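Note that this is a predicted model, so its numbers are computed, not measured. Keep in mind that the numbers below use all heavy atoms, side chains included, and drop hydrogens, waters and symmetry copies. Naming convention: chains lettered A, B, ... in sequence-line order (proteins, then strands); numbering from 1 in each chain.
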Amino acid sequence: MSQSNDSFEIIFPDGNRKTYPKGTTGYDVAHSISPGLARNALSITLNDEVMDLSRPISEGGPIKINTWDTEDGKMTFWHSSAHILAEACQELFPGVRFGIGPAIEQGFYYDMDFGDRTVTVDDLPAIEEKMTEIARRKLEFERKEIPKKEAVGYFKEKNDPYKLDLLKDLEDGTITFYTQGNFTDLCRGPHIPRTDSIKAFKLLNVAGAYWRGDSDSKQLTRIYGISFPKKSMLDDFLVMMEEAKKRDHKKLGKELGLYMIDNMIGSGLPVWLPNGTILRRRLEAFLRDEQIKRGYQEVITPHIANLRLYETSGHYPYYADSQYDPIEVDDEKYMLKPMNCPHHHRIFSNKMRSYRELPIRLSEFGTVYRYEQSGELNGLSRVRGFTQDDAHIYCTHDQLKDEIKNCIDLTQYVFSIFDMPVDIRLSFRDDNEEKYGGNLEYWERAQKELREVADELGLDYTIAPGEASFYGPKIDFIIRDAIGRKWQLGTVQVDYVMPERFELTYVGTDNSKHRPVIIHRAPFGSMERFTSILIEHFAGDFPVWLSPVQVALLPISDQYHDLAEKYEEILSSKGIRVKSDKRSEQIGAKIRDSENAKIPYMIILGERERESGSVSVRRHKQGDIGTFAFDKYLNILETEIREYQLPGKQNYN
RNA sequence: GCUGGUGUAGCUCAGGGGUAGAGCAGCGGUUUUGUAAACCGCCGGUCGUAGGUUCGAAUCCUAUCACCAGCUCCA
């Protein structure tokens with residue numbers, strides 16, 4: 001039975017090897033390690049293919065046993081959950097037709113056509129209940145290979161046009177069905193062994209989604225959900241959702257008076273209120289100082305420009321759909337600036353440039369206007385008018401790599417200040433020629449250079465084909481916020497196309513003209529979007545250097561207003577943003593209001609402070625931190641601001 | 001842009017065919033206070049906008065605008 005040609009060798013992640021007889025299943029392999037592992041196993045990954053536990057293994061190779069704690073395990077778990085969602089809907093809404101139902105990063109969804117019936121969030125609890133009931137039936141997921149003809153026949157009889165559409169693209173011999181209970185689905189798999197390992201479901205949302213993502217085809221109803229092997233995990237997840245909701249920048253932005261959206265001013269055109277303006281100006285000043293240190297020169301360019309500029313750059317009509325229509329003036333067409341780069345290119349061309357000047361680094365907090373689809377607009381994070389922390393570096397080819405390194409270093413430094421971990425992605429082109437400008441040779445060169453730089457810096461990175469911009473490949477910085485969400489922010493792009501289009505030249509050592517290379521880069525990307533992320537990252541509890549109001553002076557009664565005024569004057573003269581609360585309120589109320597306004601420091605002033613000349617200091621979210629000689633407190637405060645310290649990192653001893 | 005949901009006072013929300021309500025905020029007064037809400041009083045809305053149905057519309061219908069969740073898109 002255990003002859004060598006009837007067996008296969010499995011390589012475990014720790015390098016151990018073990019031989020099993022043919023016909024051994026993933027479950028058996030897991031069980032041979034430990035019964036506990038077998039109990040918790042959801043699927044296996046063998047030779048990079050994720051497979052059902054129950055499937056007999058026919059060839060050996062590296063294996064991973066996927067439990068809930070692995071990415072593949074979760075995917076299997078959620079995919080199976082999607083099938084249960086489908087079965088529940090089939091029971092509750094006979095006649096429903098099914099699109100696709102995959103696992104996603106956080107849970108799963110199923111796209112369904114409910115015919116004339118409209119399914120709304122109000123229906124979700126009933127579906128959830130049905131799903132739980134189905135899970136408890138302890139149904140097994142059964143895999144079956146089906147000839148194409150039979151598969152087509154099945155869905156014809158079931159009258160399911162979407163599955164038939166999917167079948168069109170599948171080859172005979174590769175088609176599998178999965179069945180649990182009364183639900184059979186066209187599905188590649190894999191699935192978990194039995195439905196009852198799913199202990200908790202939560203349906204999160206209902207949304208429309210086009211069949212195959214094509215806005216010309218029918219819109220299906222997409223139900224999003226998530227599921228867990230333990231009820232307590234669902235509870236934790238729901239707490240997390242609440243936390244994200246509490247941090248919503250639209251809510252906090254309003255409460256803290258950071259920005260407003262006014263429909264008379266215009267949808268998607270955010271207005272920075274005084275508090276928000278302080279925050280944004282601090283961010284800009286922080287970056288500007290850093291850029292000056294690194295040899296950038298700041299410029300300012302107008303908000304509208306002649307259409308010819310964008311025709312030259314190629315942005316128009318490439319992005320015509322997402323630009324505001326040109327305005328006609330004096331028989332010329334002008335357009336709201338959709339990007340800053342062409343302006344900077346003209347600055348470069350403004351005079352003859354020598355190799356001695358290069359690299360030239362032009363930076364601008366440049367406001368641009370793009371016509372985003374109305375359904376896309378969202379608070380500060382997706383708007384129609386926004387300011388980029390843009391810069392363009394014009395350099396020789398020899399300087400390119402060093403300049404890219406500088407950009408990466410700047411970006412990493414910037415995000416380290418906010419305690420945001422950065423992941424790096426190289427966004428390259430794919431085979432779709434129409435998406436890109438410039439010749440292939442330049443592209444390949446640029447992609448090679450980016451990769452070399454990343455390697456030389458020893459960066460961990462992933463490569464994303466098809467994510468490049470139309471004029472060149474880029475390095476994208478994906479940051480993680482305080483609650484683990486990922487955001488694509490900064491970018492560094494190499495551009496060989498624009499120098500050609502704008503015929504940019506510099507005079508080299510050989511006294512002849514050469515083309516510079518351009519690097520486009522923006523650490524924050526958009527001040528608006530970055531601010532929205534920052535609000536949620538800090539939950540509105542900004543570091544002192546960014547806080548609109550840094551110190552609240554709280555006199556205990558109006559007998560101490562003079563003391564508040566004295567400190568207000570001193571602190572203001574030191575550049576500290578300070579406010580005195582001289583209302584006729586009790587100290588508890590003043591504290592409460594300052595806490596709610598998320599002011600980092602509160603100074604309580606009363607008789608004791610008048611006599612001793614010290615200050616009694618309270619830190620937002622921490623409470624009373626003690627009494628300090630005023631000079632000592634001022635020193636703590638100024639250090640905290642100068643060093644861009646994060647909240648909660650102070651030691652007041 | 002598409003689908004669904006929502007739009008009532010500065011904010012958070014209740015009311016759901018008979019002609020607007022609470023808390024907070026604001027204002028006036030009283031209180032002069034020691035680490036997260038003092039007390040009393042007052043002001044405040046043509047119920048997103050425009051049509052329609054009706055004796056009568058915040059409420060029902062239509063259109064439109066905005067916002068929210070997705071989809072699609074993203075230099």
Watson-Crick/G-U partner (both atom distances under 3.5 Å) of A9(B):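 Partner of A9(B): none.
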
Would you mind pulling out the nucleotide paired to A37(B), Watson-Crick or G-U wobble, both distances under 3.5 Å?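 Looking at the geometry, A37(B) pairs with no nucleotide.
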
hbond_proxy R222(A) side chain to C71(B) base (donor-acceptor, 3.5 Å cutoff):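 Looking at the base of C71(B), it does not pair with any donor or acceptor on the side chain of R222(A) (distance under 3.5 Å).
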
So does S322(A) reach the base of A75(B) with its side chain, donor to acceptor, closer than 3.5 Å?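 Answer is yes: a donor-acceptor pair is held.
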
Could you point out which residue of F477(A), W487(A), F524(A) forms a ring-ring contact (aromatic ring centres under 6.0 Å, His included) with F530(A)?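 For F530(A), the ring-ring contact (aromatic ring centres under 6.0 Å, His included) check succeeds only for F524(A).
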
Using the test side-chain hydrogen bond (donor to acceptor under 3.5 Å, both in side chains), find all partners of [X] that sit at least two apart in sequence or belong to another chain.
{"X": "K582(A)", "value": "E565(A)"}
{"X": "S532(A)", "value": "none"}
{"X": "Q622(A)", "value": "none"}
{"X": "Y224(A)", "value": "R222(A)"}

Base, sugar-phosphate, or nothing: which does Y319(A) touch, judged by heavy atoms less than 4.0 Å apart?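 Base contact.
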
Using a heavy-atom cut-off of 4.0 Å across all strands, would you classify L220(A) as base, sugar-phosphate, or nothing?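 Here L220(A) touches no strand at all.
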
Could you give all pairs that pass the side-chain hydrogen bond (donor to acceptor under 3.5 Å, both in side chains) test and reach residues 548-560 of chain A, with sequence neighbours left out?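 For residues 548-560 of chain A, and leaving out neighbouring residues, the side-chain hydrogen bond (donor to acceptor under 3.5 Å, both in side chains) pairs sorted by first residue read Y560(A)-E607(A).
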
Suppose the criterion is side-chain hydrogen bond (donor to acceptor under 3.5 Å, both in side chains): which pairs have a residue in residues 584-594 of chain A, not counting sequence neighbours?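 Of all non-adjacent pairs touching residues 584-594 of chain A, those that pass side-chain hydrogen bond (donor to acceptor under 3.5 Å, both in side chains) are R583(A)-D593(A).
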
Between A75(B) and Y318(A), is there a base-stacking contact, meaning the centre of the base's six-membered ring lies under 5.5 Å from the residue's ring centre while the planes stay under 30° apart?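 No, Y318(A) does not stack on the base of A75(B).
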
Let me know, please, whether N263(A) or C341(A) comes out on the 5' side of the other along RNA chain B by nearest nucleotide.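 Taking each residue's closest nucleotide, the earlier one in sequence belongs to N263(A).
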
Under a 4.0 Å heavy-atom cut-off, which of residues 237-258 of chain A touch RNA chain B?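 RNA chain B contact set from residues 237-258 of chain A: K250(A), K254(A).
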
Scoring nucleotides 41-49 of chain B by protein non-hydrogen atoms under 4.0 Å (B base, S sugar-phosphate only, - none) yields ---------

How would nucleotides 25-39 of chain B be written as a contact map, 5' to 3', with B for base contact, S for sugar-phosphate-only contact and - for no contact, using protein heavy atoms under 4.0 Å? ------BBBBBBBB-

Would you list the pairs meeting ring-ring contact (aromatic ring centres under 6.0 Å, His included) in which at least one residue belongs to residues 237-259 of chain A, sequence neighbours left out?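 Applying ring-ring contact (aromatic ring centres under 6.0 Å, His included) to every pair that reaches into residues 237-259 of chain A, excluding sequence neighbours, yields F228(A)-F237(A).
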
What ring-ring contact (aromatic ring centres under 6.0 Å, His included) pairs are there with at least one residue in residues 599-619 of chain A, not counting sequence neighbours?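 As it turns out, the ring-ring contact (aromatic ring centres under 6.0 Å, His included) pairs with a partner in residues 599-619 of chain A, which skip direct neighbours, are Y601(A)-Y633(A).
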
Run the side chain to side chain contact (heavy atoms under 4.5 Å, CB included) test against P102(A) and tell me which residues pass, sequence neighbours left out.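 Expected list: I100(A), Y109(A).
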
